[in-house]
Amino acid sequence: MEINEHNFDRLANYLQQTLNPDPEVRRPAERFIESIEVTKNYPIVCLHLVGRSQTDMTIRVAAAIAFKNFIKRNWGYHLENDGPDRVAESDRAGVKIHLVNLMLNSPAPVQKQLSDAVSIIGKYDFPLKWPEMIDQMIEKFAQGNPQAINGVLQTAHSLFKRYRYEFKSQTLWEEIKFVLDKIAKPLTDLLLATMQQAAKENDLKVLHIIYESLVLICKVFFSLNSQDLPEFFEDNMDTWMKAFHEMLTTDVPSLKTADDEDAGILEQLRSQICQNLCMYAQKYDEEFGPYMPQFVTAVWELLVNTGIQTKYDSLVSYALHFLSTVADRSHYRHLFEDPNVLASICEKVIIPNMDFRVSDEELFEDNPEEYIRRDIEGSDVETRRRAACDLVKTLSQNFESKIIEIFGQYLQVLLAKYAEDTTNNWKLKDSAIYLVTSMASKGQTQKHGVTQTSELVPLPQFTQQHILTELERADINQLPVLKADALKFIMTFRTILGPQIIVATMPLIAKHLTAGSVVVHTYAACAIDKILTMRGSDKKPIVTKELLAPLSAELISGLFAAFTVQGSNENEYIMKCVMRVLNTLQEASLSFMFVVLPRLTEILAVVAKNPSKPHFNHYLFETLALSVKLVCKADPNAVSSFEEALFPVFQGILQQDVLEFMPYVFQMLSLFLEIREGKSAIPETYLSLFPCLLAPALWDRPGNVTPLIRLLSAFVRQASSHISADGKLSGVLGVFQKMIASKNNDHEGFYLMQNLLLHYPAEELGQSMRQIFSLLFQRLSSSKTTKFVRSFIVFLCLYAARVGPQALIQMIESIQAQMFGMVLERVLVPDINKVSGEQEQKIVTVGITKLLCECPEMVSDPYVNYWPQLLQNLVQIFELPPDESAIDGDNFVEIEDVPGYQAAYSQLNFAHSKPVDPLPDISNIRQYLVQNLGQLAQSQPGKVGTLVAALPAAHQEALQKYCAQSGVQIA
């Protein structure tokens with residue numbers, strides 16, 4: 001791609017089309033941009049377009065986003081996917097020359113995107129390949145341009161943010177030290193200079209930019225201090241803490257906003273300072289100790305004087321979190337021990353922040369998805385209620401009796417006032433339920449809910465008197481917030497309340513699936529889902545299909561009715577509950593399939609046009625897969641009905657290149673074919689699809705690889721004659737070659753080859769077998785990994801078991817004379833015991849047994865010396881756990897070497913393929929070994945006994961045990 005005006009205008013035109021809401025216009029433009037992004041000069045053209053002041057700002061922002069996405073997809077592709085480098089060296093150099101300055105001189109919306117791009121490049125190249133970047137940024141500190149300084153700080157924040165969560169390592173320490181040596185002092189100087197500038201600045205617009213800089217300085221401080229306390233910051237702690245205290249306590253009226261919803265710059269700054277204080281209190285409390293009392297006072301006063309508006313939520317939650325952190329430290333508990341202090345904290349800080357505010361009510365009604373995300377998904381860390389709840393728990397652990405006494409009185413007042421006027425005082429009961437939940441929850445897990453409670457109230461009694469009464473109201477739409485509270489309470493304490501109460505609540509919960517409130521019917525579905533996963537002390541489900549059957553019609557109709565409510569059309573909790581109900585009912589669900597399947601197909605057709613909810617989509621396909629399995633278990637021929645209903649939708653997904661759904665479609669097609677296997681001929685519709693599966697573009701997407709290999713293998717098992725007749729074996733072997741070349745996917749290549757070896761016409765495959773072995777040996781010598789060696793050993797042994805041990809030796813020797821001896825010495829003998837997995841160990845045992853017992857070459861020179869060593873390895877397979885040590889030079893981080901896993905791919909649990917035993921005639925591998933040894937001993941008297949005598953005593957003893965169990969003699 002040439003760098004010229006024509007290409008600037010052309011790219012701008014396509015970017016304009018990507019903003020079109022019509023998918024018919026948008027998707028082709030997106031595909032075109034994706035197709036040209038790996039051409040030389042593309043990123044430079046993007047940057048030129050970003051920097052063109054005469055271009056419309058919308059297009060400049062779109063170009064910045066396209067550039068960022070290019071960087072995200074391609075800059076580190078060759079490192080993470082073991083593939084080619086997609087970025088030309090000249091482009092890498094050009095980007096580094098132009099990017100930082102362009103970012104610093106761009107408008108804010110563009111600056112944000114380019115800053116993200118810098119941080120992505122930094123992840124791969126900083127500091128080793130781009131050490132000058134930090135110098136380029138620090139130079140801007142001294143120039144005094146607030147906008148440019150903000151750009152630098154935003155980039156520094158993006159770049160260093162990963163220090164907060166990365167695992168400790170020598171490489172990370174070295175990088176952080178490099179950064180600290182460069183930036184710690186300039187950052188401190190910038191803090192002081194910026195605070196001085198803020199104190200005398202009168203221009204409100206400039207003052208706002210200055211405070212944005214202070215926020216970013218505090219964020220960078222947090223990142224640089226996250227791993228350990230740097231020496232520089234320890235030496236300069238007084239400077240930073242005085243600055244934090246001043247910024248926390250200084251009021252700047254001109255920066256206060258009239259907006260009650262969004263946090264202003266002042267709130268953002270104080271919130272970040274509270275985060276920094278929390279970190280120091282948690283990690284460096286000894287060094288931070290002298291400053292603790294003054295900050296406790298400052299934060300306390302801040303909390304007492306901060307309003308209830310939503311814009312203060314983040315600030316209040318971090319301030320409360322700081323108090324929780326301090327209260328949890330034994331040497332600061334004296335600050336809270338006074339009963340008057342505790343009463344004051346409860347009255348002035350905790351209780352006001354537990355109230356259900358008007359803004360919460362608006363969120364409940366107008367944005368239920370966000371309300372649910374904050375309330376039951378555990379992502380409510382920055383809400384007042386969550387933070388107040390955490391402070392209650394911390395205080396309860398250390399001052400339980402005093403806290404229970406204070407809150408016990410308050411709880412009674414709340415419930416009494418609610419009882420006086422249930423219509424208008426419902427918010428008081430909401431606070432009461434939340435208080436009980438906060439106080440009672442001691443130990444909690446995602447799987448079981450609360451497992452330990454405190455003594456504030458007897459929970460079963462509270463449930464009967466105050467929770468079930470809300471669910472028993474005739475009108476399921478009356479007081480919806482209390483309905484949601486009650487359902488959440490049941491979910492939270494399901495383990496404590498016990499099976500009897502929980503099972504009894506099921507009919508009450510089920511009727512709330514038809515509630516008009518999205519939150520209420522979502523919580524009902526979530527509660528049912530969690531209850532159906534509960535198990536009793538006998539490890540069996542507490543709700544069996546027999547118990548669920550009477551409710552099944554109400555559940556199915558209620559769940560599908562919920563999908564029609566605005567806001568729940570793609571509700572992941574409802575879909576997950578549908579899946580759970582069908583799975584619990586099993587064959588009892590068949591009578592509902594005539595309702596379920598058309599609705600699921602209809603939903604799939606709609607969401608395929610614009611996939612936007614990944615979890616909903618996953619549970620939709622899980623439910624489809626489960627339905628297929630349930631119906632086809634009863635009637636395998638019913639698979640044709642599913643194909644008839646779903647193929648048109650699947651065809652649309654594949655033709656429209658709906659990336660999110662393609663891995664799921666491939667899994668579903670595999671499932672259909674596997675159900676047909678051995679029962680019916682493969683239909684023409686599948687055969688016409690097969691050539692498309694070999695298209696290289698499909699295999700470039702990591703998420704497609706595992707499901708495509710499974711689908712290809714199903715074709716090999718059932719349609720080898722068609723593949724052969726159409727001359728498509730070379731295409732299949734091309735896929736095998738691509739898989740074997742990748743450290744990520746080599747196990748997938750071996751899985752495909754196993755299916756070819758077992759099911760493809762041997763004569764035709766045999767013509768390519770020498771080339772296949774050559775490829776494998778090339779990979780073994782060029783980039784050996786533990787995973788590859790394991791898979792390679794299993795392949796060699798399967799070849800010996802299926803084609804023959806002598807055929808294996810001849811094949812290897814045909815590549816290079818005496819090569820089989822090297823394979824024995826360098827691969828089989830040292831690494832056989834690295835093979836794990838029952839099926840894999842069986843293949844290895846059978847293959848090596850055949851080598852030992854059916855191959856004259858192995859009992860004569862030059863290979864006879866390896867005979868006892870191989871037999872010793874087999875005994876170790878039976879008697880010892882697998883050898884988990886890595887091969888020298890193997891720095892590759894392994895993924896599971898089974899064909900059901902890949903990072904960018906979501907396995908459908910209900911579409912799992914059944915493992916196929918490639919050697920079904922052999923059941924007892926120990927018996928198989930000694931029987932074959934016995935036959936060899938008879939054919940060559942004295943030879944086997946001599947060879948076995950070379951084994952260590954423990955191995956001989958184990959072998960004698962197998963002989964005795966099988967009635968065989970090998971002496």
Side-chain angles (χ1 to χ4, degrees), residues 694 696 699 709 712-713 715-717 720-721 723-743 745-785 787-829 831-832 835 840 843-844 846-848 850-852 854-858 860 862-863 866 870 918-919:
L694 302 176
W699 296 91
I709 286 287
L712 218 54
S713 298
F715 271 103
V716 168
R717 289 196 300 274
S720 281
S721 57
I723 297 171
S724 177
D726 293 342
K728 295 296 182 187
L729 177 61
S730 59
V732 176
L733 292 177
V735 170
F736 165 76
Q737 184 173 354
K738 185 178 178 68
M739 296 298 101
I740 288 301
S742 161
K743 289 180 182 178
N745 297 319
D746 48 20
H747 61 289
E748 303 288 7
F750 280 112
Y751 180 70
L752 177 60
M753 184 49 62
Q754 175 180 309
N755 280 281
L756 285 166
L757 204 55
L758 295 173
H759 301 285
Y760 200 80
E763 189 176 340
E764 186 184 349
L765 184 63
Q767 294 167 14
S768 305
M769 199 51 76
R770 188 174 183 278
Q771 187 184 356
I772 290 165
F773 270 83
S774 296
L775 280 171
L776 294 174
F777 280 116
Q778 283 169 19
R779 167 64 206 277
L780 186 71
S781 63
S782 65
S783 54
K784 181 167 69 170
T785 65
K787 176 163 72 78
F788 179 84
V789 170
R790 286 175 185 162
S791 300
F792 183 49
I793 290 170
V794 173
F795 167 72
L796 293 177
C797 292
L798 182 64
Y799 193 90
R802 294 292 297 205
V803 185
Q806 287 179 290
L808 175 67
I809 294 175
Q810 288 164 8
M811 178 60 69
I812 294 173
E813 295 282 320
S814 73
I815 295 170
Q816 183 183 319
Q818 304 301 312
M819 194 172 187
F820 184 67
M822 289 187 272
V823 171
L824 285 170
E825 182 183 349
R826 299 177 189 177
V827 180
L828 292 177
V829 169
D831 294 322
I832 274 181
V835 174
E840 289 78 6
I843 292 170
V844 168
V846 173
I848 298 299
K850 282 183 171 286
L851 269 175
L852 294 175
E854 296 179 17
C855 198
E857 292 91 336
M858 284 301 301
S860 56
Y863 303 138
Y866 299 110
L870 287 174
L919 304 167

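Just so you know, residue 1 is the first one in the sequence shown, and it goes up from there.
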Looking only at non-hydrogen atoms, find the nearest pair between [X] and [Y] and report the distance.
| X | Y | answer |
| --- | --- | --- |
| S720 | P761 | CB-CD, 3.8 Å |
| I723 | L729 | CG2-N, 3.9 Å |
| Q806 | P856 | NE2-CD, 3.6 Å |
| D831 | R826 | OD2-O, 3.9 Å |
| S814 | R770 | O-NH2, 3.0 Å |
| V803 | A807 | CG1-CB, 3.7 Å |

Q: Decide if atom CD of Q771 counts as having more than 12 heavy atoms of other residues, nucleotides or ligands within a radius under 6.0 Å.
A: no
Q: For the pair R779 and S783, evaluate side-chain hydrogen bond (donor to acceptor under 3.5 Å, both in side chains) and give the outcome as yes or no after the intermediate values.
A: CA-CA 6 Å; R779 167 64 206 277; S783 54; 3.0 Å; yes
Separation between [atom1] of [X] and [atom2] of [Y], rounded to the nearest 0.5 Å:
| X | Y | atom1 | atom2 | answer |
| --- | --- | --- | --- | --- |
| I740 | H747 | CD1 | NE2 | 10.5 Å |
| I843 | Q754 | CD1 | CD | 5.0 Å |
| I809 | L796 | CD1 | CG | 11.5 Å |
| E813 | M819 | CD | CE | 9.5 Å |
| R802 | L919 | CZ | CG | 6.5 Å |
| M822 | L780 | CE | CG | 11.0 Å |

Whether [X] and [Y] hold their rings parallel, tilted or perpendicular, with breakpoints at 30° and 60°:
| X | Y | result |
| --- | --- | --- |
| Y799 | F773 | perpendicular |
| Y863 | F820 | perpendicular |
| F777 | F792 | perpendicular |

(Q) If you apply the rule side chain to side chain contact (heavy atoms under 4.5 Å, CB included), what do you find for L765 with I772, and how did you get there? (A) CA-CA 10 Å; L765 184 63; I772 290 165; 4.3 Å; yes
Side-chain contact, heavy-atom cut-off 4.5 Å: [X] with [Y]?
| X | Y | answer |
| --- | --- | --- |
| F788 | K743 | no |
| W699 | I709 | yes |
| C797 | I848 | yes |

Validation: residues 730-738 side-chain donor-acceptor distances under 3.5 Å, sequence neighbours left out:
{"from": "K738", "atom 1": "NZ", "to": "D700", "atom 2": "OD1", "distance (Å)": "3.2"}

Q: Check step by step if side chain to side chain contact (heavy atoms under 4.5 Å, CB included) holds for L694 and L712.
A: CA-CA 9 Å; L694 302 176; L712 218 54; 4.0 Å; yes
Q: Tell me, please, which residues at least two apart from E854 pass side chain to side chain contact (heavy atoms under 4.5 Å, CB included).
A: P805, K850, Y928, N932
Q: Show the numbers, then the answer: is there a side chain to side chain contact (heavy atoms under 4.5 Å, CB included) between R790 and E840?
A: CA-CA 9 Å; R790 286 175 185 162; E840 289 78 6; over 6 Å; no
Q.
Please determine whether side chain to side chain contact (heavy atoms under 4.5 Å, CB included) holds for the pair S791 and Y751, giving the CA-CA distance in whole Å, both sets of side-chain angles, and the decisive distance to 0.1 Å.
A. CA-CA 9 Å; S791 300; Y751 180 70; over 6 Å; no
